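The block underneath contains the structure these notes are about, expressed in structure tokens.
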Amino acid sequence: MAFDPLQERGIPLDEQLRDWRELHVTPIDPDHADPYTRCRIITMNGIETEGILFSHQLARHCPDLEAKRQLARVRYLEAQQQKVVNWLLPGVASVLETTIAYEQVAVDLTSWVARMEPDAYLRQAYQFGVLEDFDHLYRYANLYEMIEHRKAGKIVDNLTEVMPGRPTYLHHRDPVDNVREPYDRATTEPLSRLHALTIMAAEQQTMNFYMNVGPMYMEPIARQLYQEIALIEEEHVTHYESLVDPGESWWEMLLTHEYNECYLYYSFMETESDPKVKHIWELHLSMELEHLRLAAEMFKRFDGREPDQVLAPALPPPVTFEPNKAYVRDLIATQIDQTTLGTGYVREAHERFSRMQEAIMGGEQPPSERVIDDNRAVSGQEYRLETEGPHPADLQPAR
Ligand SMILES: [Fe+2]
Ligand SMILES: [Fe+2]
Ligand SMILES: [Fe+2]
Ligand SMILES: [Fe+2]
């Protein structure tokens, strides 16, 4: 049965505030939880964080006092949702363990979105990005083995493979080449808007996370690796945010944000294996339905259009965390040597790319390469988790 969030009733705003007792949620058990439960938590934290930051930006551009007050009320509740969601993560997990989970989210969420994306140009943008976060996972997994003497396989639980993707050092492009062409808001499928917003939000929180936790390490290689990958996440945010049509009005963007929150909570409610966490997705969905209703009112008032002019008549199939091993292997076999030139993709190291590479490397090996060598020296071999056979690039004839 199709679920249309615009037709459903949610919890009235006055009844959404939670007290300390309700905010104090029990975190998941890192040793026994489904890794994809943790992925859903991380995803929703990114979505709520984007919701809060977007609402702040909108408020800063909004001269209408009443509208601003309503934004503040809803935003406070979004802030409570963010606290509840992110506090489901256990304090016993190390920063590096959470980092590895962040990259697992990037791999399996972006792969899902790429598989479902109807537009070929947008799909290519997700396929391009996924091979990079896939490689980050491998670099961090080696750092993890080296400094914490543990294996990333325990965290990703064999659902996601750990091996080289497009090598991290090749992700450092001239910023100009990170800007993509946007979709056209007049003709795009509603699902494409949701995809772009979801992946942008996920990458943005990864960028924020690395830029803040990176300096908390004492080991020089850890500090350096976080610095390097944090800079790539900056590139990824640029890449994904440029897919969104900048011609959308602020109220249209607000509407899409609330709709997307409904979509994802609904998706995760449908697919969650942990009953306690599922209950939170359900509760938050009921809250979001009311946020959406209020956003739709503002959209009608300030934008003069009807919400169904920009939203789908019903929710698309639920966003699902599931293994994407064959999909990623296929991308490795076919797209690993790509880079960007202008708003498109090429296979050769063009001049602007080479200039950037030279400037940032400064004649030295980057941290992402050194971490592999260092771990080989400490652990006897580099860390990989190849559950489906040898690395696909090894199967190709040497060039
Ligand atoms: Fe929310
Ligand atoms: Fe990444
Ligand atoms: Fe990324
Ligand atoms: Fe919301």
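Model, not experiment: these values are computed from the prediction. Order of listing sets the numbers, starting from 1, for every ligand and every atom in it. When a residue number appears, it is its place in the shown sequence, counting from 1.
Summary: OE1 is the N/O/S atom of Glu203 found nearest to the Fe ion (ligand 3). Within Asp133, OD1 is the N, O or S atom that lies nearest to the Fe ion (ligand 3). The nearest N/O/S atom of Glu78 to the Fe ion (ligand 4) is OE2. Take the N/O/S atoms of Glu258: the one nearest the Fe ion (ligand 4) is OE1. Among the heteroatoms counted here (N, O or S) of His291, ND1 is the one nearest to the Fe ion (ligand 4). Looking only at N/O/S atoms, Glu288 comes nearest to the Fe ion (ligand 1) through OE2.
For Glu132, every N, O or S atom stays at 2.8 Å or more from the Fe ion (ligand 3). The Fe ion (ligand 3) has an N, O or S atom of His236 inside 2.8 Å of it. The Fe ion (ligand 1) has no N, O or S atom of Gln82 inside 2.8 Å of it. Taking 2.8 Å as the threshold, Glu48 does not count as a candidate ligand of the Fe ion (ligand 4), since none of its N, O or S atoms lies below it. Coordination check, Glu261 versus the Fe ion (ligand 1): passed, since an N/O/S atom of the residue sits under 2.8 Å. Residue Glu233 counts as close to the Fe ion (ligand 3), with an N, O or S atom under 2.8 Å.
Within 6.0 Å of CD in Gln365 there are more than 12 heavy atoms belonging to other residues, nucleotides or ligands. The number of heavy atoms from other shown groups lying within 6.0 Å of CD (Gln309) is above 12. Annotation for Gln70: atom CD counts as buried by contact number, over 12 foreign heavy atoms lying within 6.0 Å.
Atom CD of Glu66 is separated from atom CE of Met298 by 10.0 Å, given to the nearest 0.5 angstrom.
You'll find the ring centres of His291 and His257 outside the 6.0 Å limit.
For the side-chain hydrogen bond (donor to acceptor under 3.5 Å, both in side chains) criterion with Arg352, the lone passing option out of Asp174, Thr340, Thr339, Asp177 is Asp177.
Cation-pi check for Arg193 over Tyr259 is not met; the charged atom does not lie both under 6.0 angstrom from the ring centroid and within 45 degrees of its normal.
The existence of a salt bridge linking Arg75 and Glu78 is excluded, since no basic side-chain nitrogen approaches an acidic carboxylate oxygen closer than 4.0 Å.
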